[in-house]
Amino acid sequence: MLVLFETPAGFALFKVLSEGKLAQVEDIWKEFATAESARKVVKLKAFSKFENTQAALSAATLLIDSKPSKDLRKFLRSHCDNETLAVADSKLGNVIKEKLQIDCVHNQSVMELIRGLRSQMTELISGLAAQDLAPMSLGLSHSLSRYKLKFSPDKVDTMIIQAIGLLDDLDKELNTYAMRVKEWYGWHFPELVKIVPDNILYAKTVKLMGDRVNAAKLDFSEILPEEVEADLKEAAMISMGTEVSDLDLLNIKDLCNQVLSLSEYRAQLYDYLKNRMNTIAPNLTALVGELVGARLIAHGGSLMNLAKQPGSTVQILGAEKALFRALKTKHATPKYGLIYHAALIGRAAPKLKGKISRSLAAKAALAIRCDALGDNEDNSIGVESRLKLEARLRNLEGRELGKSAGSAKGKPKIEFYDKDRKKGSGGLITSAKTYNPAADSLVSQTPDSSVKQLEMTPAEEKKEKKKKKKSKPEAVTAETGSEPTTVKKDKKKKKQTTDTEEKTTKAVTDEKKKKRKQAEVEVDEQTPSKKEEKKKKVQRED
């Protein structure tokens with residue numbers, strides 16, 4: 001049996017002299033206590049030296065991925081004829097067995113044997129001194145760490161984090177610079193802010209126009225539409241702004257150049273971020289977009305850290321302050337964080353934003369894990385998840401429409417109106433009855449009788465109520481009885497009505513008499529007082 005051993009200087013093949021000693025795994029380390037005892041167990045058969053550090057780096061990187069290099073395959077073909085090979089990596093042994101048809105062994109005794117070889121490496125390999133081995137291993141480790149750092153996904157994640165941070169800073173700077181341009185040039189041409197509200201177009205027009213007097217001569221067709229250009233020229237003729245010197249206009253134009261250059265750089269940075277996100281996290285980009293995905297990665301620290309988070313954490317990522325405030329005050333926790341700015345949540349109704357954000361966070365967590373740990377580089381999972389979420393959103397909106405329309409299945413039922421059909425049943429009914437004024441039980445009254453009723457005393461009203469109660473059972477019997485009885489009852493009713501009218505007239509006359517008597521008494525009281533006044537006047541004259 002042969003043993004494959006990797007060193008910083010090259011590959012070594014050792015021949016096992018006594019395989020019986022490998023049966024006892026616990027006692028193998030005793031055989032490698034000294035160099036003389038180790039030579040009795042193994043013997044160096046062949047050694048393949050690396051030509052330079054680049055060859056050593058390529059072989060080491062392939063071994064990390066459990067793949068043999070070309071030099072290693074040639075070395076094994078030439079020295080492993082009808083021999084079993086002991087390997088430290090089981091995956092590497094499977095690849096060697098498939099490609100080179102060499103039987104490989106990997107077990108606990110092999111691992112103890114390789115540990116013993118490492119302890120006595122300089123003694124068993126001739127020409128490999130400890131002084132030469134130390135710088136070789138140090139140089140290989142440095143170059144290997146540089147290679148890993150160069151192609152690590154974490155390093156690419158840092159590029160995305162830096163790009164999205166710079167993009168947010170550029171947006172803030174652009175807004176402050178654009179507001180400064182509007183405030184500064186507004187002293188000269190204040191009406192331009194309402195005519196051209198866009199920041200970039202405002203800076204371009206100010207840069208082209210300069211003084212507002214030049215607006216009538218210039219052509220703004222490349223920047224503005226015709227209607228806006230006409231409004232601008234009309235406003236420039238009657239502007240209420242102050243005059244500005246040429247030096248001030250130069251400084252304003254320089255600031256406009258800064259705004260335009262920053263906007264161009266922002267567009268380039270956005271394209272760079274878009275390309276990076278499509279290569280690093282294609283599924284997450286297809287699901288939530290480039291900016292939201294980049295902000296999630298930046299908030300999580302890296303794509304791998306974000307892949308370790310559950311969907312509930314992804315949902316409220318960015319709203320930690322509101323979450324802890326809600327937990328402290330025992331209020332409702334937030335439903336979304338950075339994920340709120342995704343297009344799917346923006347399309348949803350306010351009542352459905354919580355449901356869509358929860359399902360979107362769950363799908364986003366799966367997409368992040370596929371991007372971080374999966375081998376596929378396409379965005380098929382993200383596209384499928386987006387289509388499912390759009391279908392769910394349509395379903396939820398249909399349910400809401402169904403509830404508002406009154407149907408339970410989610411689709412409003414529109415039926416034609418039929419006046420002869422019952423609501424909710426298929427049977428026909430008779431047509432609607434017309435209004436019958438003869439059925440009204442109102443007593444015909446003259447205006448005088450209504451006035452008399454208003455002037456009735458409470459005692460008389462009680463008597464009339466009793467009479468009405470007596471007349472009700474008589475009316476019921478009258479309906480069942482014969483025609484002559486009804487005629488008699490009608491006569492009785494007329495008599496009763498006449499009696500009540502006479503009583504009311506008597507009551508009115510009595511009240512009038514009382515009023516007259518009271519008036520005469522008042523006059524009598526006034527007359528003696530007048531006689532006394534006349535007597536006093538006569539006495540004074542005498």
Side-chain angles (χ1 to χ4, degrees), residues 159-160 162-278 285-286 288-295 298 338 340-348:
M159 296 299 172
I160 290 173
Q162 296 296 328
I164 190 65
L166 181 58
L167 197 69
D168 292 337
D169 293 340
L170 279 175
D171 288 334
K172 291 178 183 177
E173 291 294 326
L174 268 173
N175 286 329
T176 53
Y177 281 16
M179 290 302 296
R180 184 62 61 191
V181 169
K182 287 181 179 180
E183 289 178 3
W184 202 349
Y185 194 74
W187 289 98
H188 179 59
F189 193 2
E191 295 84 3
L192 186 61
V193 178
K194 294 181 179 179
I195 298 169
V196 186
D198 187 66
N199 293 333
I200 307 302
L201 293 178
Y202 189 92
K204 287 181 180 179
T205 52
V206 170
K207 182 182 176 182
L208 180 62
M209 181 170 54
D211 197 347
R212 67 169 184 265
V213 180
N214 302 326
K217 303 175 184 178
L218 296 172
D219 184 17
F220 298 93
S221 59
E222 295 181 358
I223 304 170
L224 303 173
E226 294 180 359
E227 296 177 356
V228 178
E229 183 180 359
D231 295 339
L232 188 147
K233 289 180 179 179
E234 288 179 3
M237 297 293 291
I238 55 171
S239 178
M240 299 294 291
T242 60
E243 295 296 330
V244 179
S245 64
D246 295 336
L247 185 62
D248 295 333
L249 288 173
L250 284 174
N251 288 319
I252 293 170
K253 286 183 179 180
D254 291 337
L255 186 56
C256 292
N257 290 327
Q258 291 288 330
V259 171
L260 295 175
S261 62
L262 282 174
S263 65
E264 291 176 359
Y265 178 61
R266 188 200 176 280
Q268 293 176 2
L269 187 65
Y270 177 73
D271 292 336
Y272 165 76
L273 181 64
K274 189 176 180 180
N275 294 328
R276 280 290 180 191
M277 284 297 295
N278 284 322
T285 305
V288 298
E290 297 88 8
L291 294 176
V292 178
R295 286 193 176 95
L338 292 169
Y340 177 79
H341 299 286
L344 282 169
I345 299 177
R347 272 191 280 168

Report yes if some heavy atom in the side chain of [X] is under 4.5 Å from a heavy atom in the side chain of [Y]; otherwise report no.
| X | Y | answer |
| --- | --- | --- |
| Val206 | Ile252 | yes |
| Arg180 | Tyr177 | no |
| Val228 | Leu201 | no |
| Met209 | Leu232 | yes |
| Ile164 | Leu273 | yes |

About how many Å separate [atom2] of [Y] and [atom1] of [X], when rounded to the nearest 0.5 Å?
| X | Y | atom1 | atom2 | value |
| --- | --- | --- | --- | --- |
| Tyr270 | Leu291 | OH | CG | 5.0 Å |
| Ile223 | Glu229 | CD1 | CD | 9.5 Å |
| Ile160 | Tyr272 | CD1 | OH | 7.5 Å |
| Cys256 | Trp184 | SG | CH2 | 9.5 Å |
| Gln162 | Leu269 | CD | CG | 11.0 Å |
| Leu250 | Leu255 | CG | CG | 13.0 Å |

Any sub-3.5 Å donor-acceptor pair from [X]'s side-chain atoms to [Y]'s backbone N or O?
| X | Y | value |
| --- | --- | --- |
| His188 | Arg212 | yes |
| Tyr185 | Gly210 | yes |
| Lys182 | Pro197 | yes |
| Glu191 | Met240 | yes |

What is the minimum heavy-atom distance between [X] and [Y], and which atoms define it?
| X | Y | value |
| --- | --- | --- |
| Leu218 | Leu208 | CD1-O, 3.4 Å |
| Gly293 | Val288 | N-CG2, 3.8 Å |
| Leu170 | Arg266 | CD1-CA, 4.0 Å |
| Ala235 | Ile195 | CB-CD1, 3.5 Å |
| Asp248 | Ser245 | OD2-OG, 3.0 Å |
| Arg295 | Leu338 | O-CD1, 3.8 Å |

Inset, instruction - Return yes when atom CD of Glu183 has more than 12 non-hydrogen atoms of other residues, nucleotides or ligands closer than 6.0 Å, and no otherwise. - result: yes
Inset, instruction - Using a cut-off of 6.0 Å, state whether more than 12 heavy atoms not belonging to Asp219 lie near its atom CG. - result: yes
